[in-house]
There are 2 protein chains.
Amino acid sequence: MTTPDDLFKALSDRNRLRVVAALLQSKELCACQIHEWLGVTGATASKHMGILVASGLVLSRKDGRWVHYRLNRKDTNLRSLFNWIRRQLKADKELLDDLNKLNSVTACPPVELRKRQREAASTCC
Amino acid sequence: MTTPDDLFKALSDRNRLRVVAALLQSKELCACQIHEWLGVTGATASKHMGILVASGLVLSRKDGRWVHYRLNRKDTNLRSLFNWIRRQLKADKELLDDLNKLNSVTACPPVELRKRQREAASTCC
DNA sequence: TTTATGTTTAGTCATCTGCCTAAATATGAC
DNA sequence: GTCATATTTAGGCAGATGACTAAACATAAA
């Protein structure tokens with residue numbers, strides 16, 4: 001296992017905490033959904049997910065070209081940490097608003113989402 | 001209260017986590033004891049303690065020229081986080097060894113400790 | 001009031017972090 | 001096999017972080 005400060009370091013970034021919050025209420029999220037919701041490039045999102053996976057907090061599952069992420073709920077220690085985080089989130093107004101917007105991202109399947117993302121990228125400039 | 005990622009940021013530094021670990025087993029520690037035990041300059045230790053206090057994790061008490069630090073055990077949310085940390089520390093070999101050395105620092109009162117620190121500083125070079 | 005001393009602040013430097021774009025990699029579709 | 005596409009890696013840049021020394025500040029002692 002990683003040391004506590006490694007775990008805290010993984011959680012010390014706002015965007016990574018947002019991902020954990022999102023995964024607390026969604027069983028699984030696709031890389032492209034996370035990238036869309038965070039509002040950063042796919043490369044940046046990938047980096048963040050790499051850190052979360054390396055810390056052990058998050059597990060990934062590859063399905064063809066798609067990568068799906070979920071919380072590591074098997075680990076007892078992590079589970080109690082997740083519960084603590086879940087309780088704190090209730091007081092984090094900004095994050096709660098943020099999580100509401102997650103629904104519009106998860107509403108459409110990854111394939112549709114990527115299609116929209118590609119279109120948006122091509123129509124600008 | 002600070003947001004969860006602020007708390008995690010405060011805990012994401014190894015030296016600050018060491019301080020929290022030390023305060024988990026010592027009711028109070030003087031600034032000079034922390035500076036001695038961490039093995040960094042007083043200025044650096046002061047900076048770290050400032051971050052811990054700002055995050056709400058640690059409380060400080062000024063007694064003349066001396067400043068004493070203790071965990072903020074009043075806050076229920078923090079207390080459960082401290083308990084979680086305490087459990088994790090048991091698996092952190094390096095930190096456990098480290099905490100043993102804390103005894104030799106707390107064994108002598110701050111006044112004596114500073115005297116030794118001053119002497120050590122003057123005899124070198 | 002002057003001096004000594006515990007702590008903090010200011011200033012500097014090297015390293016780390018998070019973001020981006022562009023290129024590389026991996027895999028499904030034709 | 002070749003192309004399209006989801007993700008990761010590489011490289012670069014701006015800002016944050018943690019360390020130090022020196023100076024400033026606060027307070028007890030002489």
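In what follows, chains carry the letters A, B, and so on, assigned in the order in which the sequence lines appear, proteins first and then strands, with residues in each chain numbered from 1.
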Near-strand residues of residues 65-73 of chain B, defined as heavy-atom separation under 4.0 angstrom from DNA chain D: B:R65
So B:A31, base contact, sugar-phosphate only, or nothing? Heavy-atom distance under 4.0 Å. sugar-phosphate
Proximity to the side chain of A:D13 - top-ranked nucleotide from C:dA22, C:dG18, C:dT17: C:dG18
Of A:K62 and A:K9, whose closest DNA chain C nucleotide lies nearer the 5' terminus? A:K9
Within less than 4.0 Å of OP1 or OP2 of C:dT7, is there a side-chain N or O belonging to B:S46? no
Tell me which of B:G42 and A:T44 sits closer to the 5' end of DNA chain C, going by the nucleotide each one is nearest to. B:G42
Could you check whether A:A45 gets within reach of a base, just the sugar-phosphate, or nothing at all, counting any heavy atom under 4.0 Å? nothing
Counting just side-chain N and O atoms, does B:N15 come under 4.0 Å of either OP1 or OP2 of D:dA19? yes
Just by distance, do the side chain of A:S80 and the backbone of A:N77 share a donor-acceptor pair under 3.5 Å? yes
Any donor and acceptor pair, going by atom type alone, linking the side chain of B:R73 with main-chain N or O of B:F82 inside 3.5 Å? no
For atom CZ of A:R61 and atom P of C:dA26, their distance in whole Å: 20 Å
Looking at A:K47, I'd like to know whether one of its side-chain N or O atoms comes within less than 4.0 Å of OP1 or OP2 on D:dT7. no
Over all strands shown, is A:R14 touching base, sugar-phosphate only, or nothing at heavy-atom distances under 4.0 angstrom? nothing
